[in-house]
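What follows is a short report on a single structure.
Start at 1 and go down the list; that is how both ligands and their atoms are numbered. A quick note: this is a predicted structure, and the numbers were derived from the prediction, not measured. Heavy-atom basis, side chains included; hydrogens, waters and symmetry copies ignored.
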Amino acid sequence: MASPISTEKHGNVLVISSDNPPVNALGQAVREGLKNGIEQAASDNEIEAVVIRCDGRTFFAGADITEFGKAPKGPSLPEVCDAIEASEKPVVAAIHGTALGGGCEIALACHYRVAVPSAKLGLPEVKLGLIPGAAGTQRLPRLVGAEAALPLVVMGNPIPAKKAQAIGLVDELVGEGSLAQDAAEFARSKVGADIPRTSEMTNNQDGVKNPDLFDEFRAKNGRKLRGFDAPNAGIEAVKAAGEMAFEDGVKKERELFAKLMGGTQSAAMRHYFFAERAANKIDDVPADTPLIDVKKVGIIGAGTMGGGIAMNFLSAGIPVTILEMKQDALDRGTGTMRKNYENTAKRGRMTEEQVEGAMGLLTPTLEYDDLADCDLVIEAVYENMDVKKEVFAKLDEVVKDGAILASNTSYLDIDEIATATDRPGYVIGLHFFSPANVMKLLEVVRGEKTRDDVLATAMKLSKKIGKVAAVSGVCPGFIGNRMLSKRQEQANQLILEGANYWEVDEVLLDFGFPMGPFQMGDLAGLDIGWHRDPSKVTTVREALCAKGRFGQKAGKGFYDYDDARQRTPSDEVKQIIADFAEKEGNAQRDISKDEIRERLLYPMVNEGAKILEEGMAQRASDIDVVWINGYGWPLYTGGPMFWADTVGLDTVVAGLEKHGLPVSDYLRAKAQKGERLT
Ligand code: 3H9
């Protein structure tokens with residue numbers, strides 16, 4: 001097979017090019033080719049300088065993740081980096097697209113880095129539960145200092161070329177259209193100059209002079225990093241870079257890297273990386289399905305949900321017409337949207353111009369007719385089948401043919417909604433999660449008659465508005481809420497059997513969720529869907545509402561809240577629960593944290609298995625995508641399905657049986673055959 005690496009002489013400069021689509025991952029053949037290219041440059045007397053560049057959409061986007069866990073073949077990435085750095089002829093990295101992970105490490109091993117302004121550089125290994133493993137944690141701080149290196153290594157977010165230049169990671173910005181020529185010219189200008197080798201630099205001494213830097217960084221970012229192993233290893237490695245000789249630092253990095261690579265967190269996060277990408281693909285919809293051009297979006301309902309949904313499109317530069325029934329509701333809704341944008345601007349994440357730009361794309365209206373020329377209309381009205389059907393019948397009447405009609409329902413039957421129209425093929429569910437302008441997940445609900453182009457367009461659009469999409473079939477609650485209801489059932493039951501509700505929350509917090517079910521209820525409002533009759537009390541939740549305990553907004557729900565929203569368990573609620581348990585004749589007992597965890601999570605796995613069996617999710621990993629992005633399931637466990645595989649399906653089945661909970665045939669069969677869900 002032809003090598004993905006080619007070389008070409010441009011006078012005294014050898015240009016080494018990689019052509020390994022889609023992202024120039026540094027697989028075996030690429031590494032071999034790079035090493036050969038450097039050797040060729042060394043042995044050719046006409047050559048005085050070298051440029052390393054890539055064809056296609058990006059510079060090397062990292063090591064080839066598909067090779068992880070397999071026996072290493074050919075030169076390792078650290079070897080290739082060392083060979084580049086050791087070159088006696090200056091080597092220049094010519095960067096476009098994204099120089100990520102191993103790609104950034106290649107660039108760090110080069111003697112100079114030039115980039116186009118649109119390029120991004122970064123070390124995202126932490127997002128795969130790893131740290132850089134080709135001396136990135138040792139070379140980067142030597143080049144840019146420990147303080148500037150820490151966020152790159154520990155948080156993993158790439159930075160634009162301009163910022164990279166400001167911290168010293170990029171030497172020169174060059175024209176978007178002339179990278180190859182400019183890089184060669186730059187390389188030529190360095191012939192004869194002393195060669196700057198990153199491994200010999202000493203800018204990392206800032207961390208030695210001020211060792212508090214590391215603890216301060218940890219303290220500042222602690223909340224975001226809670227539960228993850230890799231970020232701490234990253235901090236340790238950057239610290240080591242200042243304290244150790246390069247070779248020793250590299251050894252330290254390798255030890256940390258190898259430990260992470262062998263651990264479950266990295267396996268889980270690598271699973272998630274591919275899961276997110278797989279979720280965007282629909283098995284029976286061809287990749288080349290023609291898309292519907294969505295140039296204008298209509299939203300029905302300017303409440304919290306409708307407003308949040310609208311913001312996604314406005315932020316992506318797509319004009320939105322938003323409809324309400326009454327002027328004051330419309331004004332309130334658009335006012336909230338503006339306020340949200342302005343708050344983002346205050347935090348420095350948007351400019352005033354961008355706020356005005358987004359709001360300028362919004363057209364508020366009270367007339368259905370104004371939705372006529374929209375390519376996509378999403379309704380976000382009250383969750384009631386009759387109301388939804390009425391809205392869809394009206395839309396069918398006024399909106400142009402060929403437009404997509406979507407419902408944001410979180411559990412209603414999309415197929416039934418579609419019957420209100422004469423175009424069921426154009427009806428789809430787009431279930432956003434609250435706050436819709438923030439939450440990453442979009443559950444795309446495929447109705448029985450939803451057309452391929454409608455579905456493919458929804459998936460494409462989700463990417464454009466920065467969402468992570470997963471497809472669900474039509475079933476009550478779809479993937480996410482259907483599984484959530486099983487967890488909630490157990491949570492409600494556990495507190496009637498003697499578990500304290502704050503312990504139930506704590507078990508999930510310890511597991512890695514941002515909050516437990518009772519905290520979540522308090523945050524969302526316990527009065528959602530309440531019948532508003534304080535004399536009618538059939539559940540603990542209704543009993544709380546009857547006493548005005550509506551949740552955080554009322555200062556009291558399951559918990560009492562102080563002015564700083566700190567929560568404490570409430571004696572009143574304890575009594576309410578105790579009274580309820582007595583009335584229902586529930587014997588009280590001590591319930592261990594293990595039992596709580598198993599009873600909350602195993603039934604979710606069981607429901608996930610049923611969802612798979614019924615074909616409501618295409619693949620187990622789609623369920624993981626839903627739970628990680630929509631419900632705070634900890635990423636480092638890989639999602640409920642991957643987690644169940646890690647625990648062992650036989651253990652899950654045994655646990656369900658021990659607690660007297662149902663086991664689906666599908667799950668039992670998988671466990672018996674020793675198979676995995678993912
Ligand atoms: C590393 O470097 C370790 C080293 O420090 C040490 C080693 C010793 N490998 O995301 P997209 C595939 S760790 C293999 O849809 P985009 C991806 O699966 C690595 N495959 O495109 C998809 O395949 P498919 C550190 C990869 O334009 C296709 O490429 N680097 C890799 O939205 C297109 O991807 C990273 O973590 C890979 N490294 O985004 C960067 N990357 O079409 C990971 C992508 O079959 N990559 N693929 O579904 C990314 O962040 C994004 O892919 C990127 C492009 C921003 C580059």
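For ligand 1, the atoms sitting less than 4.0 Å from at least one non-hydrogen atom of Pro132 are 5 (O), numbered in the order shown with element in parentheses. Atoms of ligand 1 found under 4.0 Å from any heavy atom of Phe273 (numbered from 1 in listed order, with element): 18 (O), 41 (N), 43 (C), 44 (C), 46 (N). Of all the atoms in ligand 1, the ones that sit under 4.0 Å from a non-hydrogen atom of Gly101 are 2 (O), 25 (C). When each atom of ligand 1 is checked for a heavy atom of Phe274 under 4.0 Å away, the hits are 18 (O). Shown in contact with Thr98 at under 4.0 Å from a heavy atom are these atoms of ligand 1, numbered in order with element: 56 (C). If you number the atoms of ligand 1 from 1 as listed, the ones under 4.0 Å from a heavy atom of Leu128 come out as 13 (S), 19 (C), 36 (O).
Proximity of Ile65 to ligand 1, defined as any heavy-atom pair under 4.0 Å, is shared by backbone and side chain alike. Counting heavy atoms under 4.0 Å from ligand 1, residue Pro124 touches it through the side chain alone. Residue contacts with ligand 1, taken as heavy atom pairs separated by less than 4.0 Å, do not involve Phe60 at all. Of the heavy atoms in Leu130, none comes closer than 4.0 Å to ligand 1. When heavy-atom distances to ligand 1 are checked against a 4.0 Å cut-off, Val23 comes that close only through its side chain, counted from C-beta outward. Proximity of Lys463 to ligand 1, defined as any heavy-atom pair under 4.0 Å, is confined to the side chain (atoms from C-beta onward).
Checking only distances, Lys281 does come within under 3.5 Å of ligand 1, N or O to N or O. Considering backbone and side-chain atoms together, Leu77 places no N or O closer than 3.5 Å to any N or O of ligand 1. Distances between N or O atoms of Phe257 and those of ligand 1 include no value under 3.5 Å. Where the criterion is an N or O separation shorter than 3.5 Å, residue side chain and backbone included, Ala134 fails it with respect to ligand 1. Not a single N or O atom of Gly62, backbone or side chain, sits closer than 3.5 Å to an N or O atom of ligand 1. Looking at Ala25 next to ligand 1, no N or O pair under 3.5 Å apart turns up. Taking any N or O of Glu105, backbone or side chain, at least one lies under 3.5 Å from an N or O belonging to ligand 1. At under 3.5 Å, not a single nitrogen or oxygen of Thr66, backbone or side chain, sits near a nitrogen or oxygen of ligand 1.
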Original post:
What do the steps show when you test Tyr341 against Asn437 for side chain to side chain donor-acceptor pair (under 3.5 Å), and what is the final call?
Top reply: CA-CA 10 Å; Tyr341 274 134; Asn437 53 323; over 6 Å; no
Original post:
Do Val144 and Asn203 pass the side-chain contact (heavy atoms from CB on, under 4.5 Å) test, and can you show the C-alpha distance, the side-chain angles, and the key distance before you say yes or no?
Top reply: CA-CA 6 Å; Val144 305; Asn203 294 325; over 6 Å; no
Subject >> Worked verdict on Asp452 versus Arg446 for side-chain contact (heavy atoms from CB on, under 4.5 Å) >> reply: CA-CA 9 Å; Asp452 284 0; Arg446 181 183 197 172; 3.8 Å; yes
Original post:
Should Val294 and Lys464 be marked as a side-chain contact (heavy atoms from CB on, under 4.5 Å) after you check the CA-CA gap, both sets of side-chain angles, and the distance that decides it?
Top reply: CA-CA 11 Å; Val294 177; Lys464 187 158 180 191; over 6 Å; no
Original post:
Hey, mind stepping through Lys440 and Glu276 against salt bridge (Lys or Arg N to Asp or Glu O under 4.0 Å) and telling me if it holds?
Top reply: CA-CA 11 Å; Lys440 290 292 265 181; Glu276 185 180 314; over 6 Å; no
**OP:** Begin from the C-alpha positions of Leu123 and Leu140 and carry the test side-chain contact (heavy atoms from CB on, under 4.5 Å) through to its verdict.
**Re:** CA-CA 10 Å; Leu123 295 168; Leu140 181 66; 3.7 Å; yes
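When only non-hydrogen protein atoms are considered, atom 38 (N) of ligand 1 lies nearest to Ala63 O, 2.9 Å. Annotation: atom 6 (C) of ligand 1 to nearest protein heavy atom, Gly133 N, 3.5 Å. Of the protein's heavy atoms, Pro22 CG, 4.4 Å lies nearest to atom 12 (C) of ligand 1. Of all protein heavy atoms, the one closest to atom 14 (C) of ligand 1 is Asp64 OD1, 3.3 Å. If you check which protein heavy atom lies closest to atom 55 (C) of ligand 1, you get Leu100 CD1, 4.1 Å. Annotation: atom 5 (O) of ligand 1 to nearest protein heavy atom, Glu125 OE2, 2.5 Å.
The pair Asp55-Arg57 fails the salt-bridge criterion, with no side-chain N (NZ, NE, NH1 or NH2) lying under 4.0 Å from an Asp/Glu carboxylate O. Classification of Lys252 and Glu236 as a salt-bridged pair holds, one side-chain N sitting under 4.0 Å from a carboxylate O. For the pair Glu675 and Lys670, the salt-bridge criterion is met [side-chain N within less than 4.0 Å of a carboxylate O]. For the pair Asp82 and Lys35, the salt-bridge criterion is not met [side-chain N within less than 4.0 Å of a carboxylate O].
Atoms CD and OG1, from Glu105 and Thr137 in turn, are 8.0 Å apart once rounded to the nearest 0.5 Å.
The aromatic rings of Tyr631 and Trp627 lie parallel to each other, with less than 30° between the two planes, well short of the 60° mark. Using the six-membered ring where Trp is involved, His271 and Phe642 have ring planes that are parallel, under 30° apart on the 30 and 60° scheme.
Evaluated for a side-chain contact (heavy atoms from CB on, under 4.5 Å) with Phe246, the options Lys251, Met201, Arg142 yield exactly one hit, Arg142. Partner Leu128 forms a side-chain contact (heavy atoms from CB on, under 4.5 Å) with one of Arg270, Met261, Gln265 and no other, that one being Arg270.
Of the candidates Arg277, Arg254, Glu276, Lys120, the one placing a heavy atom closest to atom 51 (C) of ligand 1 is Arg277. Between the choices Lys127, Arg270, Arg57, the shortest heavy-atom distance to atom 39 (O) of ligand 1 belongs to Arg57. Selection from Gly27, Ala61, Pro78 by nearest heavy atom to atom 30 (N) of ligand 1 gives Ala61.
Checked by atom type and distance alone, the side chain of Arg254 pairs as donor or acceptor with a backbone atom of Gly133 at under 3.5 Å.
For atom 53 (C) of ligand 1, no protein heavy-atom neighbour is present inside the 4.0 Å cut-off. Proximity of atom 23 (O) of ligand 1 to the protein is not indicated, since no non-hydrogen protein atom lies closer than 4.0 angstrom.
Distances from ligand 1 to the non-hydrogen atoms of Thr58 include no value under 4.0 Å. The shortest heavy-atom distance from Glu67 to ligand 1 is not under 4.0 Å. Not a single heavy atom of Gly136 lies less than 4.0 angstrom from ligand 1.
The two residues Val626 and Glu443 have their closest heavy-atom pair at CG1-OE2, 4.1 Å. Closest approach of Ala93 to Phe59, counting heavy atoms only: CB-CZ, 4.0 Å.
Annotation: cation-pi geometry satisfied between Arg277 and Phe273 (NZ/CZ under 6.0 angstrom from ring centroid, within 45° of ring axis).
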